Amino acid sequence: MGKEGDPRIISTAADLAGLRGDVPVVHFSRQHLINVGNVVDLLKRCRPGAVQVAPSRKQLIGPQIRSALEERGVVLQFGRARDRSQYDRTIPSDYAAKRELFEKMLADPSRASQFENMLKHGLWEARIGEAYFRRDGFVPVWQLARQFELQSRNVQERLACFCAWLGWPYKDKNVLEARRGLNHRLEILERRSAVQEVREKLMGSFAVDEEFPPDTLPVERWKAWQAVRRAVKNYPDALAALKQSEPYAAGILVDYVRLEGWDGVTNRFHQIAEKFKVSGQTIRNQVAKALKVLGQY
């Protein structure tokens, strides 16, 4: 019998069956005993603080074993049965190391901005990662699954993808492929955000008082929209006068800048052409004609 705090060495099935209660460290000393079934059985029988295997057997610890341990908050150690104190001083647990990567990411302005962008757009990987690491203590995966109303396996996969994005050295092909996919989605989001930022600045330059061009209206039509709104602001009956004097041009202009029936839908150029049975150039000419008349007000 070892001293209190020493690893409980598991070398036979009987050793595993005899475990009960709180056990600081469980060390699997035999290669044939290191499998997901025995680890799950261990977690049912007792409450280990850590599971330890020799460094030479690290490749036997697959993703299922890691997930089972993480769900219960059990530290995974790689060390010899008698060097626990030295191990604890030099190598942190998986969770602690991953959380350190998360905190380093937050301290990097560029990476933190990417993370906030992922959160803004609701990417599951970022939402789950934030819930996992921005807590006072370890949160089991099953709790996250309940919080997000997802299956535990789905949470595990997305969390692994997020940790890979943080820089955790996974070798699993599925995780690496998921990380590449996340990077690709992030690049798309960043491009869209940059375009949206430019669009919002440009939109301000076409505002009339505190009214902005409809977001669904193409940028190339904002100038026409601005001219119409200014004319109506100066003379409320300007549009009615246009419809009376130039009904054809007024009808095209109304569809062109969506002046009536705001439903969030923009009439595409070819749809206006089909409706009025005219060419694209005719549409441009009629819009210019209508704006010239409105410019008198």
Side-chain angles (χ1 to χ4, degrees), residues 28 30-43 50-79 91-106 108 110-115 117-119 121-134 138-192:
F28 283 90
R30 300 293 182 183
Q31 179 171 323
H32 72 277
L33 293 172
I34 304 173
N35 58 65
V36 66
N38 282 340
V39 170
V40 171
D41 187 32
L42 166 70
L43 298 176
V51 166
Q52 185 186 70
V53 299
S56 61
R57 292 172 180 156
K58 186 175 183 177
Q59 71 277 9
L60 299 176
I61 307 298
Q64 288 182 303
I65 293 178
R66 292 177 183 272
S67 295
L69 295 176
E70 284 197 359
E71 283 186 23
R72 296 287 293 273
V74 178
V75 174
L76 175 62
Q77 298 179 348
F78 297 102
I91 305 177
S93 67
D94 280 7
Y95 175 75
K98 290 174 182 175
R99 181 162 181 166
E100 183 178 353
L101 287 175
F102 178 77
E103 291 170 350
K104 285 182 178 179
M105 177 273 294
L106 292 179
D108 181 334
S110 176
R111 293 275 282 170
S113 176
Q114 292 177 329
F115 175 61
N117 199 17
M118 286 193 286
L119 287 176
H121 291 279
L123 295 190
W124 278 110
E125 291 81 358
R127 294 178 62 192
I128 291 171
E130 181 181 48
Y132 187 67
F133 292 114
R134 276 185 170 167
F138 176 85
V139 182
V141 168
W142 67 266
Q143 285 188 13
L144 294 177
R146 180 177 296 176
Q147 174 184 337
F148 291 108
E149 298 183 345
L150 298 171
Q151 294 183 348
S152 291
R153 180 178 181 83
N154 191 276
V155 172
Q156 289 167 0
E157 290 172 350
R158 294 179 184 273
L159 183 58
C161 176
F162 180 72
C163 290
W165 180 77
L166 290 174
W168 191 254
Y170 286 104
K171 293 184 179 179
D172 185 283
K173 292 182 179 179
N174 292 329
V175 175
L176 296 178
E177 183 62 29
R179 182 194 65 191
R180 284 191 287 270
L182 179 60
N183 284 334
H184 178 65
R185 281 181 287 156
L186 183 57
E187 289 174 2
I188 293 174
L189 290 175
E190 289 179 328
R191 286 198 298 269
R192 287 178 179 173

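Since the model is a prediction, treat every value here as computed from it, not as a measurement.
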Practice problem: Please name all residues satisfying side-chain hydrogen bond (donor to acceptor under 3.5 Å, both in side chains) with Gln31, sequence neighbours left out, ordered by chain then number. | Solution: none
Quiz item: side chain to side chain contact (heavy atoms under 4.5 Å, CB included) between Val175 and Arg179: does it pass, once the steps are laid out?
Solution: CA-CA 6 Å; Val175 175; Arg179 182 194 65 191; 5.6 Å; no
Practice problem: With side chain to side chain contact (heavy atoms under 4.5 Å, CB included) as the test, would you mind laying out the steps for Leu119 and Arg127 before giving the verdict? | Solution: CA-CA 6 Å; Leu119 287 176; Arg127 294 178 62 192; 4.3 Å; yes
Quiz prompt | Ring center gap for Tyr95 and Phe102 short of 6.0 angstrom | solution = no
Exercise. Could you walk me through whether Val74 and Leu42 pass the side chain to side chain contact (heavy atoms under 4.5 Å, CB included) test, one step at a time?
Key: CA-CA 11 Å; Val74 178; Leu42 166 70; over 6 Å; no
Self-check item: Atom pair CD/CG of Gln114 and Leu182 - distance to nearest 0.5 Å
Solution: 9.5 Å
Quiz item: When you look at Arg191 and Ile188, which way does the side chain to side chain contact (heavy atoms under 4.5 Å, CB included) test go after all the steps?
Solution: CA-CA 5 Å; Arg191 286 198 298 269; Ile188 293 174; 3.5 Å; yes
Quiz item: Is the shortest side-chain N to carboxylate O distance from Arg180 to Glu177 below 4.0 Å?
Solution: yes
Practice problem: Output the distance between atom CG (Leu69) and atom CD (Gln77), rounded to the nearest 0.5 Å. | Solution: 11.0 Å
Practice problem: Would you indicate whether His184, at its atom NE2, is surrounded by more than 12 heavy atoms from other residues, nucleotides or ligands within a distance under 6.0 Å? | Solution: no
Quiz item: How far apart are the closest heavy atoms of Met118 and Leu186, and which atoms are they?
Solution: CG-CD1, 3.6 Å
Quiz item: With distance as the sole test, does Arg158 use its side chain to make a donor-acceptor pair with the main-chain N or O of Ile128 at under 3.5 Å?
Solution: no
Practice problem: Please state whether the rings of Trp124 and Phe148 are parallel, tilted or perpendicular, taking 30° and 60° as the class boundaries. | Solution: perpendicular
Quiz item: Phe28: what forms a ring-ring contact (aromatic ring centres under 6.0 Å, His included) with it, not counting sequence neighbours?
Solution: none
Quiz item: Are a donor atom and an acceptor atom from the side chains of Gln156 and Glu70 found within less than 3.5 Å of each other?
Solution: no
Quiz item: From Ile61 CD1 over to Asn35 CG, what is the distance, rounded to the nearest 0.5 angstrom?
Solution: 9.5 Å
Practice problem: State the CZ-CZ distance between Arg134 and Arg99, to the nearest 0.5 angstrom. | Solution: 10.5 Å
Quiz item: To the nearest 0.5 Å, what is the distance between CZ (Arg66) and CG (Asp172)?
Solution: 10.5 Å
Quiz item: Which heavy-atom pair separates Lys171 from Leu176 by the least distance, and what is that distance?
Solution: O-CD1, 4.0 Å
Exercise. Return the minimal non-hydrogen interatomic distance between Trp168 and Ala97, and the atom names on each side.
Key: CZ3-CB, 3.4 Å
Exercise. Sort and list the pairs that fulfil side-chain hydrogen bond (donor to acceptor under 3.5 Å, both in side chains) and have at least one residue in residues 143-152, not counting sequence neighbours.
Key: Arg135-Gln147
Exercise. Any chance you could measure Leu43, atom CG, to Asn38, atom CG, to the nearest 0.5 Å?
Key: 11.0 Å
Quiz item: Can you name the closest pair of heavy atoms from Val155 and Leu144 and give their distance?
Solution: CG1-CB, 4.0 Å
Exercise. For residues Phe162 and Met105, report the shortest heavy-atom separation together with the two atoms involved.
Key: CZ-CE, 4.3 Å
Quiz item: What are the two closest heavy atoms between Arg185 and Glu125, and how far apart are they?
Solution: NH2-OE2, 2.9 Å
